[in-house]
Amino acid sequence: MANWQVMVQREQVARDREGKKLGQLLSRHAEYTELRLKTRSILTQYEEQLESVQDQSRSLKDTQLYRVSIAQMRTALQQIDGQIYQLAMQISQARAKLGLIERERQKYQLLLDQQVDQARAEVLRDEARVLDEYSIQRFNQRN
């Protein structure tokens, strides 16, 4: 019984470790998604301000500043999108690995349960045999 139990425990440890990793990845993904929303909001504000500045025929310097800022925000969005994509891939891989680990754990748990059931059945057979022998002895003592 100890062998299957060790295997079940090993898979539980691996499952817990992979689950923790998945949780961290999901947390980072949420952070990057929130960062993307904020960056997109800032980009929209800059674009609106650029339109406003162009309509008011302000200095070329102000217009150029907004254009540079917009370009930087777009670059930042692309980088954030890249990070979100990488995290999504890592999350997918972690989920797949977690699924494999859980199937292995369930397989070993089933084998452990079968072994425990066999041991119980053996104990019950031994007890039944002892009771049968006792009953036979009692019967023989009466006759």
### Query
Side chains of L124 and E127: closer than 4.5 Å at any heavy-atom pair?
yes
### Query
So which heavy atom on G19 is nearest to which on L98, and how close?
N-CD1, 3.9 Å
### Query
Does OH belonging to Y108 count more than 12 external heavy atoms closer than 6.0 Å?
yes
### Query
Would you find a donor on one side and an acceptor on the other, under 3.5 Å apart, between the side chain of S135 and the backbone of L131?
yes
### Query
Between atom CG of D113 and atom CZ of R120, what is the distance when rounded to the nearest 0.5 Å?
8.5 Å
### Query
With distance as the sole test, does T75 use its side chain to make a donor-acceptor pair with the main-chain N or O of A71 at under 3.5 Å?
yes
### Task
In sequence, state the C-alpha distance, the side-chain angles, and the governing distance for R129 and D132, and then conclude on salt bridge (Lys or Arg N to Asp or Glu O under 4.0 Å).
CA-CA 5 Å; R129 189 173 350 163; D132 287 347; over 6 Å; no
#### Entry: pair L50-Y46: side-chain heavy atoms closer than 4.5 Å
no
### Summary
Correct closest heavy-atom pair for H29 and I84 would be NE2-CG2, 3.6 Å
### Task
Flag yes if L77 and Y32 sit in one hydrophobic cluster, no otherwise; membership is Ile, Leu, Val, Met, Phe, Trp, Tyr, and two members link when side-chain heavy atoms are under 4.5 Å apart.
no
### Task
Flag yes if I80 and I91 sit in one hydrophobic cluster, no otherwise; membership is Ile, Leu, Val, Met, Phe, Trp, Tyr, and two members link when side-chain heavy atoms are under 4.5 Å apart.
yes
### Message
Please check this pair: side chain of S69 against backbone of L65, looking for a donor-acceptor N/O pair closer than 3.5 Å.
### Response
yes
### Summary
So CD of E31 and CD of Q83: to nearest 0.5 Å the spacing works out to 12.0 Å
### Query
So how far is it from I101 CD1 to E104 CD, rounded to the nearest 0.5 Å?
9.5 Å
### Query
How about Q12 and D16: does a side-chain donor come under 3.5 Å of a side-chain acceptor?
no
### Message
Any non-hydrogen side-chain atom of E48 less than 4.5 Å from a side-chain atom of S52?
### Response
no
### Query
With respect to Q114, which candidate in L110, L112, V116 satisfies the side chain to side chain contact (heavy atoms under 4.5 Å, CB included) definition?
L110
### Task
Step by step, work out the side chain to side chain contact (heavy atoms under 4.5 Å, CB included) result for L26 and K21.
CA-CA 9 Å; L26 289 170; K21 179 181 172 184; over 6 Å; no
### Query
Are E34 and K38 ion-paired here, with the side-chain N under 4.0 Å from a carboxylate O?
yes
### Task
Return the minimal non-hydrogen interatomic distance between T39 and A76, and the atom names on each side.
CG2-CB, 4.3 Å
### Selection residues 71-92 - residue pairs positive for salt bridge (Lys or Arg N to Asp or Glu O under 4.0 Å), sequence neighbours left out
R36-D81, E47-R74
### Task
Any chance you could measure R125, atom CZ, to Q118, atom CD, to the nearest 0.5 Å?
8.5 Å
### Query
Got a second to check how far K107's NZ is from L111's CG, nearest 0.5 Å?
7.5 Å
### Task
To the nearest 0.5 Å, tell me how far L22 CG sits from S92 OG.
10.0 Å
### Query
Which residues pass the side-chain hydrogen bond (donor to acceptor under 3.5 Å, both in side chains) test with Q106, sequence neighbours left out?
E102
### Task
Group every Ile, Leu, Val, Met, Phe, Trp and Tyr by side-chain heavy-atom contacts under 4.5 Å, then state whether L35 and L43 land in the same group.
no
### Task
Please tell me if the side chains of Q9 and V13 come closer than 4.5 Å, counting only heavy atoms from C-beta onward.
no
